[in-house]
Amino acid sequence: MLRDRDLLLAQLHELRSEHRDLDTVISRMAHETTFIDQLYLLRLKKRKLLLKDQITKVESLLIPDDIA
């Protein structure tokens, strides 16, 4: 059980890191004054939303089920 939790925490760390990196890239692209590939930017935003959903799912798995 502890190993499963450790794996979920590691996965959560990776997902959050990638989400943060994408946030930085998207922010920089949005502030560019030169040509921006809108399709690529849209794909990055979709990936970021997917990561957010995965983060929420993993976080919910880490919350204990027993409610007192």
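Hydrophobic clustering (ILVMFWY, side-chain heavy atoms < 4.5 Å, transitive): L61 and L50 are in distinct clusters.
Under the rule for a side-chain hydrogen bond (donor to acceptor under 3.5 Å, both in side chains), Q38 has no partner lying at least two apart in sequence or in another chain. Every side-chain contact (heavy atoms from CB on, under 4.5 Å) that L62 has, sequence neighbours left out, goes to R5, L8, L9, L12, V58. Qualifying salt bridge (charged side-chain N to carboxylate O under 4.0 Å, His left out) partners for E14, counting only residues two or more places apart in sequence or in other chains: none. By the side-chain hydrogen bond (donor to acceptor under 3.5 Å, both in side chains) test, R16 is found to be paired with E59, residues two or more places apart in sequence or in another chain being considered. Residues passing the side-chain hydrogen bond (donor to acceptor under 3.5 Å, both in side chains) test with Q11, sequence neighbours excluded: none. Evaluation of the salt bridge (charged side-chain N to carboxylate O under 4.0 Å, His left out) rule for R43 yields no partner, not counting sequence neighbours. L42 meets the side-chain contact (heavy atoms from CB on, under 4.5 Å) test with K46; sequence neighbours excluded.
Under the 4.5 Å side-chain criterion, counting only non-hydrogen atoms from C-beta, R47 is in contact with E18.
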Indicate every side-chain donor-acceptor pair of residues 20-31 with a distance under 3.5 Å to a residue at least two apart or in another chain.
{"from": "D23", "atom 1": "OD1", "to": "K48", "atom 2": "NZ", "distance (Å)": "2.7"}
{"from": "T24", "atom 1": "OG1", "to": "R20", "atom 2": "O", "distance (Å)": "3.1"}
{"from": "H31", "atom 1": "ND1", "to": "S27", "atom 2": "O", "distance (Å)": "2.6"}

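Here the side chain of S17 pairs no donor or acceptor atom with the backbone of H13 at under 3.5 angstrom.
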